[in-house]
Amino acid sequence: MSSITYLEAIREAQAHALRDDPRVFIYGQDVGAFGGAFKATKNLAKEFPGRVLDSPISEDAMVGLAVGAAIEGMRPIIEMQFADFSTVGFNQIVNQASTLFWRTKVSCPITVRLPFGGTSGSGPFHSQCLEAIYAHYPGLVVLTPATVEDAYSMLLSAVAINDPVIFCEHKLLYYHLKAEKLPSEALPIGKARIAREGRDLTVVTYSAMVHEALVAATELATEGWEIEIVDLRSVKPLDTDTIVASVARTGRLLCVGEAWPWGGVTAEVIARVTSEGYGLLDAPPQRLNAKDTPVPYHPNLWAAHRPTAHSIAAAARNLLRQ
Amino acid sequence: MLQSATHPHAKSPIGAAPDLPLAAYRFMLRARLLDDKFAALYRAGKIHGGVFLGRGQEALSAAIGVSIQETDVFAPLIRDAAGRLAFGETIVDAVRTYLGSALGPMRGRDGNVHRGRPQAGYLPMISHLGAMVSVVNGVLFARRMKGSSGMVGVACLGEGATSTGSFHEALNQAAVEKLPLVLVVANNQYAYSTPNDRQFACADLSAKAAGYGIEAHPVVGNDLSACLEVVGRAVGRARAGHGPQLIVASLLRLCGHGEHDDAGYIVPELKNSPLGRDCLKLAEKFLLAKHFTNTAQIAAWRGEAIREIEDAVAQVQREPTPDPFTEDWSALATEHLVEGYE
Ligand SMILES: Cc1ncc(C[n+]2csc(CCOP(=O)(O)OP(=O)(O)O)c2C)c(N)n1
């Protein structure tokens, strides 16, 4: 394989999991012969007969079935057609799956794949970022890979973890993000990654926004600023140590997330840094999120609704001047 | 909805009087041509996001639209261009929504099939399947509380959406409240790629009605006169106070799930079966055989519709797109409760 996309990495990880572990099966709308709405399960139904199954349009029952199967020792992967529709299965995720181990000592190793995040023209119901809502619930692990390598290795980890994992895969990265090959090793789950080193300001972000931040950092480099970028990889657990260590180097913190502004991952990062690393800050920490409205359909509005390299660079400049 | 001259209070059986089938046919034709235009705009890269057509489902959809009135409630879904037009939506509104015009009913905030005018009883679908049915219930419920009577509410779904909890909850709710809900299920044999045998296990979806204690109306969905008759009857029953009505139409989607999809999963046996016959052609044949119209008239209607569609597209392409700088970035009606995050 000369190069592999983020989406192909997700497919490969599932193929690998199915091959290695007979307890794994995939269940979701159109995941069988069709290979899924995005083709993340392409050919898997053929390669693994009886283990990649089309579900009815029943998100609640899809997750409930996964929990039941997990009780029987299986390791189901549930594909939501879009993250937005996982709200229909929300009850089973946040009340059933997330509480099982705590209540009974029986673990619940399910993986719920959420194709999430905005793409141009997708509108309010095919664009949502729900990582913060799931991260709010005790008993869930919430992963947000930003690279092809992480999409692969973190999905393998997700299946191996003995807890319910919400796997947030960004649709904007599916086809365009490419790597030369799949990784043979990876950082452990719960460790953040320094995506770019710098000494003037730390940008903490995750998923597709890592790439916007990288572009912003390149732009700022031409102005003489060295931006450090922390890619969280996992939003729950959150790697506070790596974040605080970075802020210790730079003294300035900008948190960027594509999700809505109230609460959420960026607020959590700032809360932790201000309480654990207050003395390290040379300026008030800042955050940049989507606007506080549903995600708009028209590309003009969409481009202004979410943070972009341009708005990240502007926010960074403001912070660097303080 | 239709002007009173053609409104379905026809005393004569459908098929005997030309007005209703002709009106429905013209909406079918306009919807087909409008859909064709959206498909062409999509291929030309002029539409952002998906395009979802109702090809093969126009007879059913138009029959719904001409069987209800302006004062009724309508919650169409993705394959209801014909019903939307018949309920009074303009071609310009449809085009504005697909092209994201700032002047459209959704102002570029929402797009494609996600459009409506709730003040006019025309509910704008959200994507989550099944979610609109209880909202129709709510409108009917409130109107009843306010003392209105004689109205109906129609919600449209595909067979795939019958697997949602929302479908079950809303149908049961409507039955308990004895609301004048007409739930139309277009069983087009596939939910995206998923065939019926992976969606439900009953032989006939209309059998579900008995479980809710409501009336069922199976119909062949590509037969316009059958659709007019059955939808008209169901609407009449709901209007007359007989509670919720479940219509299940059998047909075949003659296009992809969206225009991105080549629908390679649709098996030839279905395409070649009676279900696979194009309702528009069947309707044409029927109207000609009955001498309700002639080919010259049909050609003229076609030409008129094409002109209207081309004019609408040309007009909308000159209209302003939403401007992020003047956009009101708040989602609350209560202005003083809006927080600024800048
Ligand atoms: C709750 C929910 N889950 C998943 C989807 C994604 N989705 C959109 S359309 C569709 C298939 C719908 O099939 P059906 O209800 O039969 O209608 P059709 O497209 O055949 O007209 C699916 C799964 C959705 N919109 N809502």
Side-chain angles (χ1 to χ4, degrees), chain A residues 28-38 45 53-62 64 81-82 84-89 91-92 118-128 260-262 266-267 287-305 311 315, chain B residues 47-50 97-102 104 106-112 114 125-131 158-168 190-195 197-201 257-258 260-261 264-265 321-325 327-332 338-342:
Chain A
Q29 292 147 26
D30 304 293
V31 299
F34 191 60
F38 295 98
L53 302 157
D54 286 337
S55 74
I57 305 175
S58 308
E59 284 80 5
D60 182 284
M62 284 156 58
Q81 201 154 80
F82 285 79
D84 312 57
F85 303 129
S86 72
T87 54
V88 181
N91 182 46
Q92 296 285 14
T119 49
S120 178
S122 294
F125 312 112
H126 291 79
S127 302
Q128 292 170 27
W260 289 304
W262 198 97
T266 57
R287 63 200 193 106
L288 189 63
N289 294 286
K291 295 192 192 296
D292 193 29
T293 71
V295 185
Y297 166 72
H298 196 283
N300 291 355
L301 296 180
W302 177 67
H305 181 264
S311 65
Chain B
I47 288 178
H48 306 283
T97 309
Y98 259 111
L99 295 183
S101 164
M106 309 311 281
R107 297 166 292 162
R109 291 181 176 186
D110 209 343
N112 53 60
H114 302 85
M125 60 176 280
I126 66 166
S127 300
H128 298 60
L129 294 167
E159 82 291 342
T162 65
S163 303
T164 64
S166 306
F167 169 87
H168 164 72
Y190 291 87
Y192 207 156
S193 76
T194 304
D197 64 354
R198 292 296 302 169
Q199 197 68 248
F200 53 87
H257 171 65
H260 58 278
D261 170 30
Y265 44 79
T321 50
D323 177 357
F325 296 101
E327 173 76 7
D328 175 13
W329 289 104
S330 78
L332 288 181
V338 173
E339 295 179 276
Y341 285 94
E342 301 301 319

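These numbers come from the heavy atoms of this one structure, side chains and all, not from hydrogens, waters or symmetry mates. Here is how names work: the chains are called A, B, and so on, in the same order as the sequence lines, proteins then strands, and each is numbered from 1.
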Relative to chain B, which of Ala61(A), Gly121(A), Ala37(A), Gly32(A) shows the most heavy atom pairs under 4.5 Å? Gly121(A)

Quick one, Thr97(B) with Tyr297(A), criterion side chain to side chain contact (heavy atoms under 4.5 Å, CB included). Give me CA distance, side-chain angles, the key distance, then yes/no. CA-CA 10 Å; Thr97(B) 309; Tyr297(A) 166 72; 6.0 Å; no

For Asp110(B) and Phe125(A): C-alpha separation, side-chain torsions, deciding distance, then whether side chain to side chain contact (heavy atoms under 4.5 Å, CB included) applies. CA-CA 9 Å; Asp110(B) 209 343; Phe125(A) 312 112; 3.4 Å; yes

Contacts of type ring pair (Phe, Tyr, Trp, His ring centres under 6.0 Å), residue Phe38(A), not counting sequence neighbours: Phe82(A), Tyr174(A)

Part of His305(A) within contact of chain B (heavy atom distance under 4.5 Å): both

All heavy atoms of His298(A) vs all of Gly100(B), minimum pair found to be CD2-O, 3.3 Å

Option in Pro261(A), Ala304(A), Gly123(A) with maximal non-hydrogen atom pairs under 4.5 Å from chain B: Pro261(A)

Test side chain to side chain contact (heavy atoms under 4.5 Å, CB included) on Phe34(A) and Asp261(B) and set out the steps. CA-CA 11 Å; Phe34(A) 191 60; Asp261(B) 170 30; 4.1 Å; yes

Side chain, backbone, both or neither: which part of His114(B) has a non-hydrogen atom closer than 4.5 Å to chain A? side chain

Largest heavy-atom contact set with chain A, pairs under 4.5 Å, which of Arg109(B), Glu327(B), Glu339(B): Arg109(B)

Heavy-atom pairs under 4.5 Å with chain A: which of Gly108(B), Ala131(B), Ala331(B) has the most? Gly108(B)

Between Leu301(A) and Trp329(B), does the side chain to side chain contact (heavy atoms under 4.5 Å, CB included) criterion hold? Intermediate values first, please. CA-CA 10 Å; Leu301(A) 296 180; Trp329(B) 289 104; 4.1 Å; yes

Where the side chain of Asn300(A) meets the backbone of Asp323(B), is there a donor-acceptor pair that is under 3.5 Å apart? no

Less than 4.5 Å to any heavy atom of chain A: does that hold for the side chain of Ala102(B), its backbone, both, or neither? neither

Between Tyr192(B) and chain A, with a heavy-atom cut-off of 4.5 Å, which part of the residue counts as in contact: side chain, backbone, both or neither? both

Chain A contact via Ile47(B) - side chain, backbone, both or neither, heavy atoms under 4.5 Å: side chain

Under 4.5 Å to a heavy atom of chain B? For Ser55(A) that would be backbone

Nearest heavy-atom contact between Asp30(A) and Thr194(B) is OD1-OG1, 2.7 Å

Flag the one option from Gly50(B), Pro322(B), Ser330(B) with the top tally of heavy-atom pairs under 4.5 Å to chain A. Pro322(B)

What part of Trp302(A) gets within 4.5 angstrom of chain B, counting heavy atoms only: side chain, backbone, both, or neither? neither

In terms of heavy-atom contacts, Arg198(B) and Asp54(A) come closest through NH2-O, 2.7 Å

Contact class of Glu59(A) relative to chain B, heavy atoms under 4.5 angstrom: neither

Checking Leu129(B) against chain A: side chain, backbone, both or neither under 4.5 Å from a heavy atom? side chain

Which residues share a side chain to side chain contact (heavy atoms under 4.5 Å, CB included) with Pro56(A), sequence neighbours left out: Tyr27(A), Ser58(A), Ser163(B), Gln199(B)

Check: His128(B) side chain, Asp84(A) main-chain N or O, donor-acceptor pair, under 3.5 Å: yes

With a 4.5 angstrom heavy-atom cut-off, is it the side chain or the backbone of Asp292(A) that approaches chain B, or both, or neither? both

